[in-house]
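Notes to accompany the following structure.
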Amino acid sequence: MEFSTIPIIHAIWAAQKKCYLPLLPPDDSKILKFAEYSAAANLSLNQYQIFEPQDAVEFFVAVELDLVLMPLIGFDKIGNRLGSGGGYYDRTFACAKNSDTPPVLLGVGYAFQAVAELRRDEWDVLLDGVLTEQELLLFT
């Protein structure tokens with residue numbers, strides 16, 4: 001069962017902030033783009049059965065975001081993240097981390113998904129923290 005971000009999205013809207021959802025690229029670049037998500041937006045399922053804004057006309061790149069909530073399968077105490085294996089988030093945020101104002105990368109998952117240690121590959125992007133149902137862990 002994946003960690004639900006619906007309450008977080010509602011809190012974002014209640015705070016009158018903007019929320020963006022990732023969209024898969026139409027090419028093989030595996031670099032995500034982001035589109036604004038509002039309560040009125042139409043969503044459709046992509047090839048991985050993940051909802052995306054259907055009628056998006058304006059797209060944003062990673063360096064334009066302030067905070068990114070990233071799904072995960074597992075995480076460790078220093079910010080390594082185990083994803084689903086597509087490499088989309090690592091490719092997307094590799095260049096963003098070199099920005100003057102990189103987005104904060106926050107994994108979202110359950111406390112039971114914590115592991116003692118994950119192997120880190122050179123292309124893996126570290127998380128700044130993880131939000132679980134029990135606590136907010138910050139690694140930096």
Side-chain angles (χ1 to χ4, degrees):
M1 177 165 77
E2 190 171 298
F3 190 91
S4 175
T5 57
I6 299 296
I8 298 169
I9 291 170
H10 288 158
I12 291 168
W13 291 339
Q16 299 182 340
K17 302 291 183 183
K18 292 185 178 182
C19 179
Y20 301 89
L21 294 182
L23 291 101
L24 293 178
D27 56 22
D28 291 333
S29 70
K30 291 195 173 187
I31 304 292
L32 298 170
K33 290 185 179 176
F34 296 83
E36 187 172 348
Y37 174 52
S38 68
N42 293 317
L43 298 176
S44 60
L45 292 171
N46 66 23
Q47 67 196 44
Y48 298 110
Q49 301 304 301
I50 298 169
F51 284 108
E52 296 180 335
Q54 185 177 30
D55 303 320
V57 292
E58 188 174 7
F59 301 97
F60 300 86
V61 295
V63 296
E64 297 176 308
L65 303 173
D66 296 319
L67 171 67
V68 178
L69 303 179
M70 299 170 64
L72 52 79
I73 293 173
F75 66 94
D76 67 18
K77 62 182 180 268
I78 61 169
N80 288 308
R81 170 186 168 270
L82 177 62
S84 296
Y88 289 94
Y89 284 95
D90 289 319
R91 282 182 186 83
T92 301
F93 292 101
C95 61
K97 282 305 214 178
N98 296 326
S99 161
D100 290 338
T101 55
V104 173
L105 303 180
L106 192 65
V108 290
Y110 292 100
F112 71 80
Q113 292 173 288
V115 297
E117 184 178 1
L118 287 172
R119 188 187 87 219
R120 181 170 183 229
D121 291 312
E122 62 186 54
W123 57 81
D124 288 336
V125 174
L126 288 173
L127 296 170
D128 296 305
V130 172
L131 175 65
T132 74
E133 79 284 7
Q134 295 178 356
E135 63 185 328
L136 172 62
L137 303 165
L138 298 175
F139 304 126
T140 55

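Residues Ile8 and Leu131 come closest through the heavy atom pair CD1-CD2, 3.7 Å. Asp76 approaches Ala116 most closely through the heavy-atom pair CB-O, 3.9 Å. Looking at every heavy atom in both residues, Leu126 comes nearest to Leu105 through O-CD1, 3.9 Å. Here the closest non-hydrogen pair linking Glu64 and Phe60 is OE1-CA, 3.1 Å.
Using a 4.5 Å heavy-atom threshold, the side chains of Asp124 and Leu118 count as separate. Two residues are said to be in side-chain contact when any heavy atoms from C-beta on lie closer than 4.5 Å; Tyr37 and Phe51 fail this criterion. Between Leu72 and Leu127 the shortest side-chain heavy-atom distance falls below 4.5 Å. Looking only at side-chain heavy atoms (C-beta outward), Tyr20 and Pro53 stay at 4.5 Å or farther from each other. Looking only at side-chain heavy atoms (C-beta outward), Arg81 and Tyr89 come within less than 4.5 Å of each other.
Atom CG of residue Leu23 and atom OH of residue Tyr88 lie 12.0 Å apart, to the nearest 0.5 angstrom. Between atom CG of residue Leu24 and atom OG of residue Ser29 there is a gap of 10.0 Å, rounded to the nearest 0.5 Å. Here Trp123 contributes atom CH2 and Asp90 contributes atom CG; the two are 9.0 Å apart, rounded to the nearest 0.5 Å.
With Glu52 contributing its side chain and Ser44 its backbone, the two residues share no donor-acceptor pair below 3.5 Å. In this structure, Glu36 contributes its side chain and Lys18 its backbone to no donor-acceptor pair below 3.5 Å. A donor-acceptor pair under 3.5 Å is formed between the side chain of Lys30 and the backbone N or O of Gly86. Distance alone, capped at 3.5 Å, places no donor-acceptor pair between the Asn80 side chain and the Arg120 backbone. Side-chain N or O atoms of Glu2 include none that pairs as donor or acceptor with a backbone N or O of Pro71 at under 3.5 Å. Although no hydrogens or angles enter the test, the distance criterion places no donor-acceptor pair under 3.5 Å between the side chain of Gln113 and the main chain of Phe75.
A chain of hydrophobic side-chain contacts below 4.5 Å, direct or via other Ile, Leu, Val, Met, Phe, Trp or Tyr residues, connects Leu69 to Val104. In the hydrophobic clustering of this structure, Phe3 groups with Leu136; members are Ile, Leu, Val, Met, Phe, Trp, Tyr whose side-chain heavy atoms approach within less than 4.5 Å, directly or through other members. Residues Ile50 and Met70 share a hydrophobic cluster, clusters being chains of Ile/Leu/Val/Met/Phe/Trp/Tyr side chains in contact below 4.5 Å. Cluster annotation: Leu45 and Tyr48 are assigned to distinct hydrophobic clusters (Ile/Leu/Val/Met/Phe/Trp/Tyr, side-chain heavy-atom contacts under 4.5 Å, transitive). Note on Trp13: it clusters hydrophobically with Leu21, by side-chain heavy-atom contacts below 4.5 Å among ILVMFWY residues.
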- Message: Does Val115 form a side chain to side chain contact (heavy atoms under 4.5 Å, CB included) with Leu82? I'd like the steps, not just the answer.
- Response: CA-CA 10 Å; Val115 297; Leu82 177 62; over 6 Å; no
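Other residues, nucleotides and ligands contribute over 12 non-hydrogen atoms within 6.0 Å of the CD atom of Glu135. By the 6.0 Å contact criterion, CG on Asn46 is enclosed, its count of non-hydrogen atoms from other residues, nucleotides or ligands being greater than 12. Surrounding CD of Gln49 are more than 12 heavy atoms belonging to other residues, nucleotides or ligands, all under 6.0 Å away. Crowding of Gln16 atom CD: a count of heavy atoms from other residues, nucleotides or ligands under 6.0 Å not exceeding 12.
The aromatic rings of Phe93 and Phe34 sit tilted relative to each other, their planes meeting at an angle between 30° and 60°. Ring pair Phe112/Tyr110 is parallel by interplanar angle, where below 30° counts as parallel and above 60° as perpendicular.
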